[in-house]
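These numbers come from the heavy atoms of this one structure, side chains and all, not from hydrogens, waters or symmetry mates.
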Amino acid sequence: MKSRLIWGAILLAAFAAFYYVTIRPAVTPMPSRSPAPAADRMPLSNPRPSFPMPKELRTATIPIPVFPTPPEVNFHVEPPALKMEIPIQHAATIDFSIGAPVVRSGGEDQEALDRALQAMAEATKDTKFPPTKQ
């Protein structure tokens with residue numbers, strides 16, 4: 001219990017010291033000092049010297065630096081378009097899975113094409129388009 005009271009007193013003293021050193025001088029206005037009366041001031045012992053005026057005034061011209069304009073640079077460069085021309089072949093599939101076109105025909109590809117053709121025929125058997133009025 002004694003140690004708590006001692007630590008409390010130390011903290012209270014620290015806060016009080018902090019207040020009196022930092023916060024109180026900022027809040028309390030400083031007393032103003034009035035200047036000494038004019039009679040008490042000492043006059044200048046020597047008068048200021050007078051300088052002769054220059055006979056001719058010279059002006060200097062400062063050249064303005066001219067910086068060359070940088071060339072226009074297009075930072076967005078599009079890669080050249082890849083032209084993959086593959087002739088259309090009946091009953092063949094084109095596989096692009098490896099990045100290049102590969103034409104395949106027969107086997108599983110032919111069966112998949114036949115199934116897709118039957119599914120499209122079934123989906124469109126009841127579809128009819130009415131004639132347009134002209």
Distance (rounded to the nearest 0.5 Å) between Trp7 CH2 and Leu12 CG: 14.5 Å
Indicate if Ile23 and Tyr20 have the same hydrophobic cluster label, given that clusters are the connected sets of ILVMFWY residues with side-chain heavy-atom separations under 4.5 angstrom. yes
With rounding to the nearest 0.5 angstrom, report the CD to CE distance, Gln118 to Met120. 10.5 Å
Should Leu5 and Leu11 be counted in the same cluster of Ile, Leu, Val, Met, Phe, Trp and Tyr side chains packed under 4.5 Å apart? no
